Amino acid sequence: MRPSGPVLFGAGLAVVAAYAVYAALGWPAKAALFPLVMGIPLLVLAVAQVLLELRAAPAPAEPAGAGSRALAVFAWMVGFVALVLFGGFAAAVPIFVFLYLRLDSREGWLLSGVLAAAAWGFFHLVFQRLLHFPFEAGLMADWF
Amino acid sequence: MFEALIQGLALVLQWNAFSLMLVGMALGFVVGLLPGIGGAATLALMLPFVFKMTPVEAFAFLLGMHSVAATTGDITSILFGVPGEGLSAATVVDGHPMAKNGEAARALGAALMSSLVGAVIGAAALAVSIPIVRPLVLTFGSPELFMITVMGIACITSLSGQGARAQLKGFAMGFLGLLLATIGQERQSGTLRFDFGLIYLWEGLDLIPVLVGIFAIPEIIDLAVRRTAIAGDAPAAKLGAGVWEGIRDTFRHFWLVVRCSIVGVLVGILPGAGGGVAQWMAYAHAVQSAKDAKDRSRFGAGDVRGVLGPGAANNSKEGGDLIPTIAFGVPGSGAMAILLGAFLIMGLHPGPDMLTKHLAVTYSMVWTLVIANVITVLVCLATLPWLSMVTRIRGGLILPFLLLLVFVGSYTANRQIADLVVTLGFGAVGFLMVRYGWPRAPLVLGFVLGKLAETYLFISMARYGYSWLGQPLVLFLMALTVFVIVFPYFQDRRTHAA
């Protein structure tokens, strides 16, 4: 039988707690006290939850396509972080807004362009002009 | 004293001070809407501008900005589920579900009006308590502060939901939050805990990326999956019509608002506790104030009392925070530590002088808190029907902007790209928690209080050994903690018996 999501989540929590307890056992008493006091009950509760989930009735199925849509949006977020890493915020903000509106929301060229420009304008005005907030330029700035 | 009070008002209403307060408020308004740049960071950014100002002008500018940021943080929390300030995360729990139910204007009206009541109570507490607060603050040493944090952690029972299974999940999340708070260098021995060889983790995880990830990203994913506007198919007429209902809610539950304001003031007075703690404790108190288990189950699904409590505490805490800062030069939070810098720049020394020679300046701060909040609430109330219409915009159109808000906000907290990765990671965890029915509030409460609890425990042990466990105030706080844990169970049993 394939383990359900709730069982896997509970098991993941148990693994985190077990690692925390294992790691804490190698530290001096002062440093280990709090992680042990928190980690041991977390381990017990997570294991109890896994056992309860194994005995529970299967959860109702979610609407078709919801999981893949959630993954797609998460992939967009990862893409934005990658854009920031390589191009910096100043470039990533308008590029991301434009691409998302065009490719995911299927908006027109004009609206996507105008909103991307507006996003860049807001970012530039508030963070760079008004607050003088320093943003990293991105890895590409080091390459060129 | 009355003469100084009037003199303080006259000082704030002077043209220069008043216009600088308006400038500060405009800045605070924008900053409050953006997650990450908290009131403290903005105070730090604006501190260099106060050199040429008089003390009254400087405090009108800085406090006007700081108090408005706390108020407007609730707007993004309610409309988008993105905590506008680290302090306004508790408002998300019931405020955003209200927006999804088409009650955004009602939630915003309630948040703003309760914020105003909270700000006035906080300012009043500041005005009357400065002369008498000294014994209270001096009574609270590390053991008492440790017990206060334990009492805050005990609120997990109220935040976990109904039934044994929900309690099990709630406590597990609370412990996970406390465990996450131990990441980084341990302050006593210098041991690096759970750092995985990354220098980034030496300082521990920052609150903002964790909060924004856990609360905002699941809401954004939900919006994308639903492919509707935030308010779904709620009729447009209903959206803007609830402002007055929200205001009425504040007065319908007036004693709850007052009690939560007092919680905010008291937490504000205590050094190191911070606004996030005040909000969550006020939220937990609002949940505990429910009549029975059935009434309590409405929280988390869009109960206006879950907006009123944190809203009130968020702003009353400002007054409380200022009390030890002004009276002893002991800042209650990071923002107040920066404000203390402004005192020194102005050539003022917190302490007895602020209660005698500079009493009018002290009262000008009280008036700034009140006037800035009144103006903000009036401006917001006038624009709320339009603001709430944001929840009608197509999800596909608003979603990239929400993502920008989330990630730019997370970055601005510490200016580290790694914070974006932390936001993503906690976003994924938050999404799974929502999907599998694990409560998020206990995790945040544990995370916020974990570091404080550990620090105070070690100071108590180092200073008093085990003898602190027998101190009268500690014993009283222990009893109160047991009451906080047991009360929801007692209430459930009473309901079942009836």
Side-chain angles (χ1 to χ4, degrees), chain A residues 5-6 9-10 12-13 16-17 19-20 23-24 27-28 30-35 37-39 41-42 45-46 48-49 52 59 62-63 65-66 69-70 72-74 76-78 80-81 84-85 89 93 96-97 100-101 104-107 111 115 119 123 126-127 130-136, chain B residues 27 30-31 34 37 42 45 165 168-169 171-172 175-179 181-182 186 188-194 217 220-225 227 394-397 399-401 403-404 406-408 411-412 415 417 420-421 423-424 427-428 431-433 435-438 446 450 453-454 457-458:
Chain A
F9 188 83
L13 206 57
V16 169
Y19 170 74
W27 296 332
K30 274 182 180 175
L33 177 66
F34 234 66
V37 169
M38 303 308 151
L42 174 60
L45 290 173
Q49 182 61 27
L52 286 169
E62 61 182 14
R69 177 72 183 136
V73 179
F74 198 75
W76 274 104
M77 295 183 205
V78 175
F80 179 66
V81 173
V84 170
L85 187 65
F89 269 100
V93 166
F96 175 76
V97 172
Y100 187 91
L101 290 173
D104 193 277
S105 306
R106 311 248 174 233
E107 301 295 342
L111 185 62
L115 289 178
F123 174 81
V126 173
F127 290 100
L130 194 67
L131 295 173
H132 298 284
F133 214 93
F135 283 93
E136 280 181 45
Chain B
L27 272 169
V30 177
V31 164
L34 302 167
I37 309 186
T42 324
L45 285 168
R165 293 283 296 271
L168 186 153
K169 285 180 170 177
F171 273 98
F175 283 121
L176 179 64
L178 288 160
L179 198 58
T182 64
E186 197 268 323
Q188 304 293 308
S189 62
T191 309
L192 290 169
R193 298 185 297 198
F194 309 118
I217 287 186
I220 292 173
I221 293 176
D222 175 59
L223 183 66
V225 171
R227 293 182 189 274
R394 269 184 293 134
L397 217 52
L399 205 137
F401 293 95
L403 285 176
L404 291 189
V406 163
F407 286 110
V408 175
Y411 178 81
T412 50
R415 280 172 286 158
I417 297 281
L420 304 186
V421 180
T423 307
L424 269 180
F431 174 72
L432 293 175
M433 286 170 75
R435 190 163 162 169
Y436 301 133
W438 291 76
E454 188 177 18
L457 176 64
F458 275 123

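Letters go in sequence order (proteins before strands), and every chain restarts at 1. Quantities reported herein were computed from a predicted structural model and do not represent experimental measurements.
Looking at A:Leu13, only its side chain comes within 4.5 Å of chain B, counting heavy atoms on both sides. Neither the backbone nor the side chain of B:Ala181 comes within contact range of chain A, judged by heavy atoms closer than 4.5 Å. Both the backbone and the side chain of A:Ala20 have a heavy atom closer than 4.5 Å to some heavy atom of chain B. When heavy atoms are compared at a cutoff of 4.5 Å, A:Gln49 approaches chain B by way of both its backbone and its side chain. Interface residue B:Tyr436: only side-chain heavy atoms are found under 4.5 Å from chain A.
Note: B:Leu424 leads B:Leu424, B:Ile217, B:Leu432, B:Ile221 in heavy-atom pairs under 4.5 Å with chain A. Of the residues considered (A:Pro28, A:Ala23, A:Pro41), A:Pro41 shows the highest number of contacts with chain B, using heavy-atom pairs under 4.5 Å.
Among all heavy-atom pairs drawn from B:Leu404 and A:Phe96, the shortest one is CD2-CD2, 4.2 Å. In terms of heavy-atom proximity, B:Leu168 sits nearest to A:Leu52 at CD1-CD1, 3.9 Å. A:Ser105 and B:Gly396 make their closest contact through OG-O, 2.7 Å (heavy atoms, listed as atom of the first residue, atom of the second, distance). Looking at every heavy atom in both residues, B:Glu186 comes nearest to A:Ala31 through CG-CA, 3.8 Å. Heavy-atom minimum distance, A:Phe34 versus B:Leu457: CE1-CD2, 3.9 Å. Across all their heavy atoms, B:Ala224 and A:Arg69 have their closest contact at O-NE, 3.1 Å.
Looking only at side-chain heavy atoms (C-beta outward), B:Leu399 and A:Tyr100 come within less than 4.5 Å of each other. A:Leu111 places a side-chain heavy atom less than 4.5 Å from the side chain of B:Leu397.
Partner of B:Tyr411 under the ring-ring contact (aromatic ring centres under 6.0 Å, His included) criterion, out of A:Phe135, A:Phe80, A:Phe123: A:Phe135 alone. Remark: of the listed residues B:Thr423, B:Leu420, B:Ile220, B:Ile220 is the sole one forming a side-chain contact (heavy atoms from CB on, under 4.5 Å) with A:Met77.
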List the steps and the verdict of side chain to side chain contact (heavy atoms under 4.5 Å, CB included) for B:Met433 and A:Phe9. CA-CA 8 Å; B:Met433 286 170 75; A:Phe9 188 83; 3.6 Å; yes
B:Val408 vs A:Phe89, side chain to side chain contact (heavy atoms under 4.5 Å, CB included): CA-CA, chis, key distance, verdict: CA-CA 8 Å; B:Val408 175; A:Phe89 269 100; 3.7 Å; yes
One pair to check against side chain to side chain contact (heavy atoms under 4.5 Å, CB included): A:Phe74 and B:Phe431. What are the steps and the verdict? CA-CA 10 Å; A:Phe74 198 75; B:Phe431 174 72; over 6 Å; no
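Here the CG-CE distance, from B:Leu179 to A:Met38, works out to 8.5 Å after rounding to the nearest 0.5 Å. To the nearest 0.5 angstrom, A:Leu101 atom CG is 6.0 Å from B:Phe401 atom CZ.
Taking the charged nitrogens against the carboxylate oxygens, A:Lys30 and B:Glu454 have no contact shorter than 4.0 Å, which rules out a salt bridge.
In terms of the side-chain hydrogen bond (donor to acceptor under 3.5 Å, both in side chains) criterion, residue partners of A:Trp76 (sequence neighbours excluded) are, by chain and number, A:Asp104.
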